[in-house]
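See structure below.
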Amino acid sequence: MTQQDGREERLMADRRARPKAGLSRERVLDAALDLVDREGVAALTMRKLGAELGVEAMTLYHHVGNKGELLDALVGRVVRRAAMGLPPGGTASSSARGGRAAAADSGAGAYSGFGSGSDSGSDSGPGPGSDSVSGSRSSLGSGVGGGDWTGWARAFAVGLRGELLRHPGVLPLVATRPLSSADDLDLLEEWLAALTDAGLGLGRAMDVINALATFVIGHTLAEAGRTPGERTDAPDLDDATPDPKRFPLLAEVTATRAGLDFAARFDRTVDFILAGYRDLGEE
């Protein structure tokens with residue numbers, strides 16, 4: 001290769017790595033989410049994502065700083081979509097909320113997300129979806145106020161479940177990566193405001209969000225079954241046929257599907273969680 005050839009190759013590589021007209025952060029995240037939905041998180045590489053968009057991998061770094069930022073952005077994207085249908089919170093001023101926060105229970109702590117490396121986990125609320133995906137209850141309430149925070153809390157759980165079922169490939173990320181960007185933390189601030197405006201103490205509000213988010217994520221992991229990209233030879237207990245002589249109760253469950261209705265179980269458990277916190281009071 002001549003020196004001239006080398007210069008031309010470097011120039012071509014530089015052009016391919018430049019920002020592409022029409023390419024935006026939104027398009028990058030859309031393509032990444034589509035890829036994860038089809039093939040799973042393990043298949044997501046910057047090179048493969050670039051190929052999906054018709055650009056070199058280096059071009060993507062004009063829109064996301066690194067792969068870790070891309071993964072965090074996918075979590076935030078799904079959470080934000082889930083939150084789109086949440087009833088609005090109250091109108092208490094930020095100074096009033098600040099006063100409550102100063103006197104609130106110290107258990108609220110600093111937000112650290114709902115991944116496995118955090119002390120608390122929070123996530124988002126409902127998005128559009130049918131009852132078969134989002135839970136069979138439809139009485140989500142028209143807003144938050146007058147001390148009625150349970151409608152908002154149920155909408156939060158229902159919307160999160162619905163969006164995670166639409167994007168099961170993102171479940172491993174949501175379970176392990178905390179919300180971290182300022183835009184995502186704005187969401188958490190809004191959720192806490194909705195609950196504290198309804199009369200809950202700040203620590204109790206954080207507890208409710210975390211309890212619902214962690215339940216929904218675990219329940220949805222089980223409900224989704226295999227996530228995209230998981231090996232197809234993994235055992236599936238739904239296909240099991242227990243020996244009725246050795247496992248008579250399990251055989252009956254398999255035959256009748258008793259207790260295997262995910263939507264009904266989801267509704268009941270959310271009821272239990274909300275009733276428990278309601279009985280504890282607002283502090």
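Contact annotation: the side chain of Leu49 approaches that of Leu44 to within less than 4.5 Å [non-hydrogen atoms, C-beta and beyond]. Within the 4.5 Å cutoff, the side chain of Thr220 has no heavy atoms near those of the Phe262 side chain. Between His62 and Leu23, every side-chain heavy-atom pair lies at or beyond the 4.5 Å cut-off. Counting heavy atoms from C-beta outward, Arg177 and Leu74 have side chains that stay 4.5 Å or more apart. Between Ile273 and Thr269 the shortest side-chain heavy-atom distance falls below 4.5 Å. Inter-residue side-chain proximity for Thr254 and Pro242 is flagged as met; some heavy-atom pair is nearer than 4.5 Å.
Under a 4.0 Å N-O distance rule, the pair Glu223/Arg265 does not qualify as a salt bridge. The pair Arg47-Glu52 does not count as a salt bridge, with every side-chain nitrogen at least 4.0 angstrom from each carboxylate oxygen. One finds a salt bridge joining Asp30 and Arg81 here, because a Lys/Arg side-chain nitrogen approaches an Asp/Glu carboxylate oxygen to under 4.0 Å. Between Asp267 and Arg154, at least one side-chain N (NZ, or NE/NH1/NH2) sits under 4.0 Å from a carboxylate O, which counts as a salt bridge.
Between the NZ atom in Lys48 and the CG atom in Leu53 there is a gap of 13.0 Å [rounded to 0.5 Å]. Considering CZ of Arg161 and CZ of Phe215, their distance stands at 8.5 Å, rounded to 0.5 Å. Distance check, rounded to the nearest 0.5 Å: CG of Leu33 to CG of Leu29 gives 8.5 Å. To the nearest 0.5 angstrom, Leu185 atom CG is 7.0 Å from Ser180 atom OG. With rounding to the nearest 0.5 Å, the separation of CG in Asp197 from CH2 in Trp152 is 11.0 Å. Atom NE2 in His167 sits 9.0 Å away from atom CZ in Arg77 (nearest 0.5 Å).
One hydrophobic cluster, built from ILVMFWY side chains closer than 4.5 Å, cannot hold both Phe272 and Ile209; they sit in different ones.
Heavy atoms only, all atoms of each residue included: Arg80 and Asp183 are closest at NH2-O, 2.6 Å. The two atoms that bring Ala157 and Phe266 nearest to each other are O-CZ, 3.5 Å, heavy atoms only. Of all non-hydrogen atoms in Pro172 and Gly169, the two that sit nearest each other are CD-O, 3.3 Å. Closest heavy-atom contact between Ala224 and Pro168: CB-CB, 4.1 Å. Ala153 and Val208 get closest at one heavy-atom pair: CB-CG1, 4.2 Å. Ala213 and Leu160 make their closest contact through CA-CD2, 4.1 Å (heavy atoms, listed as atom of the first residue, atom of the second, distance).
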Show your working on side-chain contact (heavy atoms from CB on, under 4.5 Å) between Val170 and Val41 and close with a plain yes or no.
CA-CA 7 Å; Val170 181; Val41 174; 6.0 Å; no
CA sep, side-chain torsions, deciding dist, call: Leu179, Leu187, side-chain contact (heavy atoms from CB on, under 4.5 Å):
CA-CA 10 Å; Leu179 295 175; Leu187 278 178; 5.6 Å; no
Apply side-chain contact (heavy atoms from CB on, under 4.5 Å) to residues Met206 and Leu188 and explain how you reach the verdict.
CA-CA 9 Å; Met206 196 71 176; Leu188 179 62; 4.1 Å; yes
For Met46 and Leu70: C-alpha separation, side-chain torsions, deciding distance, then whether side-chain contact (heavy atoms from CB on, under 4.5 Å) applies.
CA-CA 9 Å; Met46 301 301 274; Leu70 174 63; 3.8 Å; yes
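The side-chain hydrogen bond (donor to acceptor under 3.5 Å, both in side chains) test applied to Glu252 returns no partner, not counting sequence neighbours.
Of the possible donor and acceptor atoms, none in the side chain of Glu39 sits under 3.5 Å from a partner among the backbone N and O of Leu35.
Both the sub-6.0 Å distance and the 45° axial angle are not jointly satisfied by Arg204 relative to the ring of Tyr277.
Asp148 and Thr150 share a side-chain donor-acceptor pair at under 3.5 Å.
Considering Val270, Val216, Leu212 as possible partners of Phe156, the one that fulfils the side-chain contact (heavy atoms from CB on, under 4.5 Å) test is Leu212.
Summarising the hydrophobic clusters (Ile, Leu, Val, Met, Phe, Trp, Tyr; side-chain heavy atoms under 4.5 Å, direct or chained), the residues clustered with Phe247 are Leu250.
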